[in-house]
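Here the structure is laid out as structure tokens; the discussion comes afterwards.
We number each residue from 1, following the sequence as shown.
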Amino acid sequence: MQREITEEKNIFDQNGKLCTAGWSRQPYFIYDKSLSKNRLSLNERDSYLIEGDGAAIYLSIAEKGINSEVTAVIIDLNTGEQDFRTLKRYMSLGKLGMPSTSKNGDVTFTDTRVGMNFSNTALNRYIRCEFVDFYKEKTLYINLELKEHINESFNVLIPTKDKPKNFYLKRYLPSMSASGVVRCGGAEYNFRHTDSYAYLDWQRYSLSEKCCYHALYSNTEINGRQFALCLAGGVGDTSMGSENCFFLDGEIHKFASVKAVGKEERPDLDWNFTAGSSAMELKFKPSIKNGKLLCVNTGGKTIVFGELFGYIKQLNTERLILDGVKAHMEFAII
């Protein structure tokens with residue numbers, strides 16, 4: 001049974017064991033990594049996806065054990081043009097100082113080719129990046145302001161089935177908007193708060209075995225209403241908290257379980273998602289522009305852009321029809 005957490009809780013006890021599990025509408029999980037007994041194998045990632053002005057931008061800064069990496073992806077959704085790059089730094093040994101909370105704190109990755117910064121103030125979030133020789137000798141420049149527009153976010157803490165000191169912690173904060181400019185080579189994209197969409201995917205985890213992780217995200221408007229979706233699986237014991245939910249006008253609606261059918265090795269094929277007794281039936285169809293599949297593979301992650309078709313209907317919501325709603329899928333071994 002899914003368990004909703006309604007107050008702040010530490011995720012570790014004094015022995016470094018996981019002492020709670022479930023999901024929440026606010027970032028109630030207190031992540032004190034000094035208590036973890038797996039500090040050299042912790043994986044910590046802050047990722048943003050921003051859409052606007054006909055482009056999708058994916059940015060990620062991560063520490064993976066004793067190494068770190070930065071990833072940038074830009075896709076022109078009208079032409080299908082795709083630019084992407086991941087740079088790794090070996091033996092960084094936690095020097096990025098990833099924040100222990102998604103509510104505040106900055107993170108910066110710098111080397112001779114790239115400077116990327118995610119900052120979070122009391123009012124807004126900011127993304128700044130300059131990436132020299134980013135892709136085919138292009139320079140990537142980003143200067144964006146992000147605004148939060150809803151009070152709820154989806155937070156989940158999932159234990160593993162084998163070891164009590166392993167865990168998966170996530171915050172999904174959708175329905176943000178972006179303002180600013182992105183330049184890549186000779187192309188320029190201007191983002192405005194009135195017609196752009198952004199989300200934060202904040203992950204902290206330690207797993208003893210590799211997991212085949214998949215996630216479906218949507219973050220947009222349907223008939224003038226704010227809509228966001230997160231359907232994900234492949235990690236841990238989700239009996240008390242899974243990553244399956246949707247937002248409507250800023251309010252979370254939870255799925256207890258979701259069945260996903262597709263082939264991770266074939267990003268060009270459709271995926272189908274169902275839940276409950278006719279609670280949801282969705283089909284994700286990958287997009288092709290000018291003969292190009294809108295798909296990139298970088299930093300050990302495959303990202304496929306496409307559209308959703310179908311419906312969602314829960315007891316406390318009206319039937320929501322999705323007809324060509326923008327979405328994307330992510331696949332990774334974590």
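Within the 4.5 Å cutoff, the side chain of D76 has heavy atoms near those of the Y189 side chain. The shortest side-chain heavy-atom distance between E188 and V181 falls under the 4.5 Å cut-off. Residues L42 and Y205 have side chains not in contact (no heavy-atom distance under 4.5 Å, counting atoms from C-beta outward). Residues L49 and N219 form no side-chain contact, since every pair of their non-hydrogen atoms from C-beta on lies 4.5 Å or further apart. Considering only heavy atoms from C-beta on, R192 stays 4.5 Å or farther from S179 through its side chain. Under the 4.5 Å side-chain criterion, counting only non-hydrogen atoms from C-beta, Y141 is in contact with N143. Between I50 and Y197, every side-chain heavy-atom pair lies at or beyond the 4.5 Å cut-off. Side-chain contact between D201 and S60 is absent, with no heavy atoms from C-beta onward closer than 4.5 Å.
Among pairs with a residue in residues 114-128, those fulfilling salt bridge (Lys or Arg N to Asp or Glu O under 4.0 Å) read R125-E148, at least two apart in sequence or across chains. Residue pairs meeting the salt bridge (Lys or Arg N to Asp or Glu O under 4.0 Å) criterion with at least one member in residues 322-333, sequence neighbours excluded: K301-E330. Pairs of residues two or more places apart, or lying in two chains, that qualify as side chain to side chain donor-acceptor pair (under 3.5 Å) and include a residue from residues 84-107 are S68-S92, E69-K88, T71-T86, T86-T298, S102-R171. Residue pairs meeting the side chain to side chain donor-acceptor pair (under 3.5 Å) criterion with at least one partner in residues 10-20, sequence neighbours excluded, are R3-T20.
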*Decide salt bridge (charged side-chain N to carboxylate O under 4.0 Å, His left out) for E81 and K292; before the verdict, give the C-alpha distance in whole Å, the side-chain angles of both, and the deciding distance to 0.1 Å.*
CA-CA 8 Å; E81 188 70 26; K292 298 178 182 178; 3.4 Å; yes
*D46 vs M98, side chain to side chain contact (heavy atoms under 4.5 Å, CB included): CA-CA, chis, key distance, verdict*: CA-CA 8 Å; D46 291 10; M98 300 293 289; 3.8 Å; yes
_Would R25 and E4 count as a salt bridge (charged side-chain N to carboxylate O under 4.0 Å, His left out) here? Give the steps._
CA-CA 8 Å; R25 302 171 189 270; E4 183 176 357; 2.8 Å; yes
*Yes or no on ring-ring contact (aromatic ring centres under 6.0 Å, His included) for F305 and H328, after CA distance, side-chain angles and deciding distance?*
CA-CA 4 Å; F305 291 86; H328 76 278; 5.5 Å; yes
*Report the C-alpha distance between Y126 and L144 in whole Å, list the side-chain angles of each, state the deciding distance to 0.1 Å, and finish with yes or no for side chain to side chain contact (heavy atoms under 4.5 Å, CB included).*
CA-CA 6 Å; Y126 297 89; L144 294 173; over 6 Å; no
_Working note: N155 + S153, criterion side-chain hydrogen bond (donor to acceptor under 3.5 Å, both in side chains); need CA distance, chi angles, decisive distance, verdict._
CA-CA 6 Å; N155 307 266; S153 61; 3.2 Å; yes
*Stepwise, does the side chain to side chain contact (heavy atoms under 4.5 Å, CB included) test hold for W202 with Y172?*
CA-CA 7 Å; W202 189 89; Y172 173 55; over 6 Å; no
*Stepwise, does the side chain to side chain contact (heavy atoms under 4.5 Å, CB included) test hold for C19 with F12?*
CA-CA 6 Å; C19 56; F12 299 121; 5.6 Å; no
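Here the closest heavy-atom approach between residue P286 and residue V304 is recorded as CB-CG1, 3.8 Å. Taking all atoms of both residues into account, the shortest heavy-atom contact from S24 to F29 is OG-CE1, 3.7 Å. Residues R204 and P99 approach most closely at NH2-O, 3.0 Å, considering heavy atoms. Between A72 and L140, the shortest heavy-atom distance links the atoms CB-CD2, 3.8 Å.
Atoms CE and OG, from M329 and S218 in turn, are 12.5 Å apart once rounded to the nearest 0.5 Å. Rounded to the nearest 0.5 angstrom, L308 CG and K285 NZ are separated by 11.5 Å. Summarising the geometry, atom CD belonging to E209 is positioned 8.0 Å from atom NZ belonging to K163; distances are rounded to the nearest 0.5 Å. For the atom pair OG (S206) and CG (L18), the distance works out to 10.5 Å, reported to the nearest 0.5 Å. Rounded to the nearest 0.5 Å, atoms CD (E152) and OG (S175) are 10.5 Å apart.
In this structure, N244 contributes its side chain and F255 its backbone to no donor-acceptor pair below 3.5 Å. Side-chain atoms of K289 never come within 3.5 Å of backbone atoms of L293 as a donor-acceptor pair (strictly under, hydrogens ignored). Without hydrogens or angle criteria, S196 side chain to A178 main chain gives a donor-acceptor distance under 3.5 Å.
Between F118 and Y48, the ring-plane angle classifies as perpendicular under the 30° and 60° cut-offs. Relative orientation of the F167 and Y31 rings is tilted, given thresholds of 30° and 60° on the angle between their planes. Under the 30°/60° scheme for interplanar angles, the aromatic rings of Y168 and Y213 are found to be tilted.
One finds no salt bridge joining D83 and K136 here, because no Lys/Arg side-chain nitrogen approaches an Asp/Glu carboxylate oxygen to under 4.0 Å. Salt bridge status for D111 with R113: absent, with no side-chain N to carboxylate O gap under 4.0 Å. Looking at K64 and E44, no side-chain N of the basic residue comes within less than 4.0 Å of a carboxylate O on the acidic one, giving no salt bridge.
Taking the six-membered ring for Trp, Y217 and Y199 have ring centres closer than 6.0 Å. F246 has its ring centre less than 6.0 Å from the ring centre of H253.
The cluster map of Ile, Leu, Val, Met, Phe, Trp and Tyr, joined by side-chain heavy atoms under 4.5 Å apart, puts I75 and Y58 in the same cluster. Linking ILVMFWY side-chain heavy atoms closer than 4.5 Å, directly or via other members, places M280 and F154 in two distinct hydrophobic clusters. Criterion: ILVMFWY side-chain heavy atoms under 4.5 Å apart, direct or through other members. Under it, M116 and F134 are part of a common hydrophobic cluster.
Residue L40 qualifies as open at atom CG: its count of foreign heavy atoms under 6.0 Å is 12 or below. Residue K138 qualifies as enclosed at atom NZ: its count of foreign heavy atoms under 6.0 Å is above 12. Sparse packing is recorded around CD of E281, with 12 or fewer heavy atoms of other residues, nucleotides or ligands lying under 6.0 Å away.
Qualifying ring pair (Phe, Tyr, Trp, His ring centres under 6.0 Å) partners for H149, counting only residues two or more places apart in sequence or in other chains: none.
Q2 and K254 are linked by a side-chain donor-acceptor pair at a separation below 3.5 angstrom, with hydrogens and angles left out of the test. Checked by atom type, the side-chain pair S34/D32 shows a donor-acceptor distance below 3.5 Å. For N124 and K147, the side-chain atoms include no donor-acceptor pair closer than 3.5 Å. Inspection of the T6 and Y28 side chains reveals no N or O donor paired with an N or O acceptor under 3.5 Å.
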Which atom pairs, one a donor and one an acceptor, fall under 3.5 Å between side chains of residues 224-239 and the rest of the protein, sequence neighbours left out?
unit_1, atom_1, unit_2, atom_2, d
R225, NE, D249, OD2, 2.9
R225, NH1, E318, OE2, 2.2
R225, NH2, D249, OD2, 2.8
D237, OD1, S239, N, 3.1
D237, OD1, S239, OG, 2.9

